[in-house]
There are 2 protein chains.
Amino acid sequence: MEQPRKRARPGRAPTPAGRTSRPRQAEVARLAGVSQATVSLVLSNRGDGQAASISQETRQRVLDAARSLGYVPDPAARRLAAARNNLLGVFSFTATFPTDVQHSYYPFLVGVEREAAALGYDLVLFTGSSSGGSGAAGPEALSRVRLADGCLFLGRHVPRADLKRLVADGFPVVHLGRREELEGLAWVGADYVSASREVVAHLAALGHRRIVLVREDDDAPASTDRQEGFLRGLSDAGLTGRPDAVLRCSDPAGEVTAERVRALVADGVSAFVAEETDTNAAWRALSGAVREAGLDCPGQVSLGLLGSPPPDLAGAPVPMGFDIPRPRLGAAAVRLLAALVAGEETREPLVACEFRAGETAGPVRAAGRAGSARQAHSEK
Amino acid sequence: MEQPRKRARPGRAPTPAGRTSRPRQAEVARLAGVSQATVSLVLSNRGDGQAASISQETRQRVLDAARSLGYVPDPAARRLAAARNNLLGVFSFTATFPTDVQHSYYPFLVGVEREAAALGYDLVLFTGSSSGGSGAAGPEALSRVRLADGCLFLGRHVPRADLKRLVADGFPVVHLGRREELEGLAWVGADYVSASREVVAHLAALGHRRIVLVREDDDAPASTDRQEGFLRGLSDAGLTGRPDAVLRCSDPAGEVTAERVRALVADGVSAFVAEETDTNAAWRALSGAVREAGLDCPGQVSLGLLGSPPPDLAGAPVPMGFDIPRPRLGAAAVRLLAALVAGEETREPLVACEFRAGETAGPVRAAGRAGSARQAHSEK
DNA sequence: GCGCATTACTAATACGCATTAACACGAGGG
DNA sequence: CCCTCGTGTTAATGCGTATTAGTAATGCGC
């Protein structure tokens, strides 16, 4: 009668609150007349496969009970119990849905969503800029992602330190966009090298012998890659890259003038390609200059854009070039992440771009010969 | 010494796996020479506030220990213990990120994300089409949303039955877009009535005495609301609504012709407003007819559009009217949902639209007095 | 000095699920 | 008839944290 240690149990109040709590495995178990453990066994084996010694009948009873109660496993508990919860995180340090749609990750998310759905994952969007919740945007912010099985990071503003920490802890992380500086960080990116190379190859196939790349004065990997692809494309086609094949300018609008273009054309250049950047300054300058110079675009001069056309194209001919398959990039990132979560060691970092024929490239005209370029055209 | 029941402890293997375990509160506690509970207390009170009786010294020791070990709380455990997971679901029966950006929920999501972040919630995106997770796309799909603390539904294709079920179970649900048919379902919508009223008020203030609403033959609440607001606006301004103030047509393009518009203007009508629909047929017909009739828009006739301008405006003057504040709608939905989750009973269904001055409305010209069409043109 | 309030902290849960040793029950095998 | 297997199910645990009852220690008033 002395109840040795019955100290009016501490811990939590019997019922958290008035909240009509969602059903737990325990409730499902009660309804099905089995134990909670059985429910867990049945539900985790759901896929069918090697039923771990649960009779068909029991299994069915449990499934029925679960459905009728609308049971859904608690992701947190699931995760805590060292399992997985079929949740993939998506984290961007800037807003994922910025007001300025132009800079959004939307196209990526299209692919991310589709692929995640296909692979059976749901997406948790961690709101990175959140100053809300508990505390500042300190380590807390990034540590929340651990609720998911793995996390996809968008943008280049992800704090290095936190990322490193996650990677070091063995948390599955994939960065969307090239990011080689961080050892062990998985990432996916577009293959600008091959794509640029392909563009050059197409121009070469159209008969162009002198092609000039207009790029900005910038050492981002995206720029470097394009240049590398461009040069490789040239050498593939047996066009030794003359030093003036690359026009690197800090002020495209000022440097790529109609005169200059005309001069280059007179010198034998028959095609130009511009790198793609945020502003697409190179492309704008180039296409503007060509128009101003009174050159017929697909006719006398071919143009290429190493990337997607600017959104404000509006009537202008679609440039030949390549499209960055953003949705596919997103999908690839998800696939990679899923593989990491599953413990596999897949590597699939680069996604191919799609060649876009466009309307700004055509065969070299025989009539378009120029002064010192006579030899170049002699084969016509 | 006989160890009554020491059954070689079941449960999990001593160490889950190779996972490099991050420090736990227990380790911090050991280092600081206190109990785990103390660590929890110190760390959860982080913000400062009313220190729950922990001495400055201990507090500091714990904080130091935590920092030196690089402790980060495990969100899964945190949420498990707190009996909520700070997750809000977002469910759309069509893909959340459709390829066709035009029809996307993007503008809403902008607000949803921002508000969720501000309130300290993360977002779980459920895809209706998703066959993923653990089950088919059947009733299972909708039941998955229960994994969040509450859920936001987008679009009008949400199956009634399932929604009803969720509501009946007391699961916090908010529908984005008016939805009154379902008892007990919380929703947020735009206040078309007030906005339409305001548009009319503006026109009245500019001196317009005869205003005509062009609407399609459709009984959607959105249409009805606009008409109601229009009529109220008229009566506010003391302009008794003549029966012919509303032009309801099943084929706007065919019915709203240049002739008809000219006739109406001749009859004294100085302003037209069109309702907004998917196709904006009414607006297109109206503005086309006015142009065709050779009427100067802000000068001889004022036009209004009860909604957002069509995306393909391209150079045409921005119509006067109102904008549906989609981001704010999203934000309001999140606020409402958060309130429901917290057990509050807030009601904030209608969000005000923003009046847009545009360029298609101007004061009535003194010369534009009615009578016959002759006068209307005489000032030319 | 004895109650009583206050302060500083700890012990003991509980959260919901996965996991696994252990048990119950028959079916053969010797 | 006992013992070994196999099969189906359960009891008991742990994951890492939050919470609360409880304890020890101190201070205060009379």
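In what follows, every chain begins at residue 1, and chains take the letters A, B, ... in the order their sequences are listed. Computed over heavy atoms, backbone and side chain alike; hydrogens, waters and symmetry mates excluded.
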Problem - Below 4.0 Å: OP1/OP2 of dT9(D) and any side-chain N or O of S55(A) - result: yes
Exercise for the section: May I ask you to say what V39(A) touches in the nucleic acid, namely base, sugar-phosphate or nothing, with a heavy-atom cut-off under 4.0 Å? Expected result: nothing
Handout entry: Separation of dC15(C) C1' from Q25(A) CD (nearest whole Å)
Key = 13 Å
Handout entry: Side-chain ion pair, D74(A) and R79(A), N-O less than 4.0 Å
Key = no
Completion exercise
Nearest heavy-atom approach of S40(A) to S44(A) is O-OG, 2.6 Å
Fill in the blank from the handout: Partner of L123(A) under side-chain contact (heavy atoms from CB on, under 4.5 Å), picked from L88(A), L87(A), L109(A), is L88(A)
Practice task
Tell me whether the OP1 or OP2 atom of dC9(C) has a side-chain N or O from T58(B) closer than 4.0 Å.
Solution key: yes
Problem - Residue T38(A), side-chain heavy atoms: nucleotide from dT10(D), dT17(D), dC9(C) that is nearest - result: dT10(D)
Problem - Separation of dC17(C) P from N85(B) CG (nearest whole Å) - result: 12 Å
Handout entry: side-chain N/O R24(A) vs dG16(C) OP1/OP2, d < 4.0 Å
Key = yes
Exercise for the section: Answer yes or no: is there an ion pair linking R59(B) with E57(B), defined by an N-O contact shorter than 4.0 Å? Expected result: no
Handout entry: Interatomic distance, R30(B) CZ vs dT10(C) C1' [rounded to whole Å]
Key = 16 Å
Practice task
Could you state the atom-to-atom distance from CG of D74(A) to P of dG16(D) in whole Å?
Solution key: 16 Å
Handout entry: Atom-to-atom span, CZ of R22(B) to P of dG16(D) - whole angstrom
Key = 8 Å
Exercise for the section: With the side chain of A37(A) defined as its heavy atoms from C-beta on, choose the nearest nucleotide among dC17(C), dA11(C), dT10(D). Expected result: dT10(D)
Exercise for the section: Considering just the side-chain nitrogens and oxygens of Q36(A), establish if one lies under 4.0 Å of OP1 or OP2 belonging to dA18(C). Expected result: no
Handout entry: Heavy-atom closest pair, residues P327(B) and R114(B)
Key = CB-NH2, 4.1 Å
Problem - Rounded interatomic separation in angstrom, taking CZ from R79(B) and P from dC15(D) - result: 21 Å
Exercise for the section: Could you tell me the separation between the CD atom of E57(B) and the C1' atom of dC9(C), rounded to a whole number of Å? Expected result: 13 Å
Exercise for the section: Could you please name the option among dA8(C), dC15(D), dT10(D) that lies closest to any side-chain atom of L80(A)? Expected result: dC15(D)
Completion exercise
With the side chain defined as heavy atoms from C-beta on, I54(A) is closest, among dG16(D), dG14(D), dT9(D), to dT9(D)
Problem - L41(A) CG - dG16(C) C1' separation (whole Å) - result: 15 Å
